[in-house]
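Read through the structure below, which is laid out as structure tokens, and then see the notes.
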Amino acid sequence: GLLQGEQDAVVKKREENIEKKAFIAILDTLDEKGREELLALSEKSDTAEVHSFIEERIPNVKEIIERTAKEVVEDFKRRIA
């Protein structure tokens, strides 16, 4: 099996993949103006503002994140099988 440090690295990488793919899925639900606003907020690195913006404009954001997480995990399982 993997050493603890290697396991941590794999988990961290998977979490980063989920975050990136979820952000892309969220961007895809917004119109052009919304995408521009969200990208501008995310460039300022204001996490609280980004979260508020997303929650206000995308009522099903939790579903999007859950679906994305499942897809990433399933992809990971296929790769190691």
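The cluster map of Ile, Leu, Val, Met, Phe, Trp and Tyr, joined by side-chain heavy atoms under 4.5 Å apart, puts Ile64 and Leu27 in the same cluster. In the hydrophobic cluster analysis, where Ile, Leu, Val, Met, Phe, Trp and Tyr join through side-chain heavy atoms closer than 4.5 angstrom, Val61 is grouped apart from Ile18. Ile65 and Val73 are not part of a single hydrophobic cluster, where members link through side-chain heavy atoms under 4.5 Å apart.
In summary, Arg35 and Glu32 engage in a salt bridge, as defined by a charged side-chain N under 4.0 Å from a carboxylate O. For the pair Lys77 and Glu74, the salt-bridge criterion is met [side-chain N within less than 4.0 Å of a carboxylate O].
When atom types are taken as modelled, the side chain of Ser52 and the backbone of Glu49 share no donor-acceptor pair closer than 3.5 angstrom. Judged by distance alone, with hydrogens and angles left aside, the side-chain atoms of Asn60 form no donor-acceptor pair with the main-chain N or O of Glu63 at under 3.5 Å.
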Given Asn17 and Asp75, is the side chain to side chain contact (heavy atoms under 4.5 Å, CB included) satisfied, shown in steps? CA-CA 11 Å; Asn17 285 343; Asp75 183 52; over 6 Å; no
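Between Phe23 and Leu39, some side-chain heavy-atom pair lies under the 4.5 Å cut-off. Between Leu41 and Glu37, the closest side-chain pair of non-hydrogen atoms is not below 4.5 Å. Considering only heavy atoms from C-beta on, Ile24 stays 4.5 Å or farther from Thr68 through its side chain. Annotation: side chain of Ile58 is not in contact with side chain of Phe53 (no heavy-atom distance under 4.5 Å). Here the side chains of Val11 and Arg14 are in contact, with some heavy-atom distance below 4.5 Å. For the pair Glu71/Lys21, no side-chain contact is recorded, criterion being any heavy-atom separation below 4.5 Å from C-beta on.
Atoms CZ and OG1, from Arg57 and Thr29 in turn, are 11.0 Å apart once rounded to the nearest 0.5 Å. Ile54 CD1 to Leu38 CG: the interatomic distance, rounded to the nearest 0.5 Å, is 5.0 Å.
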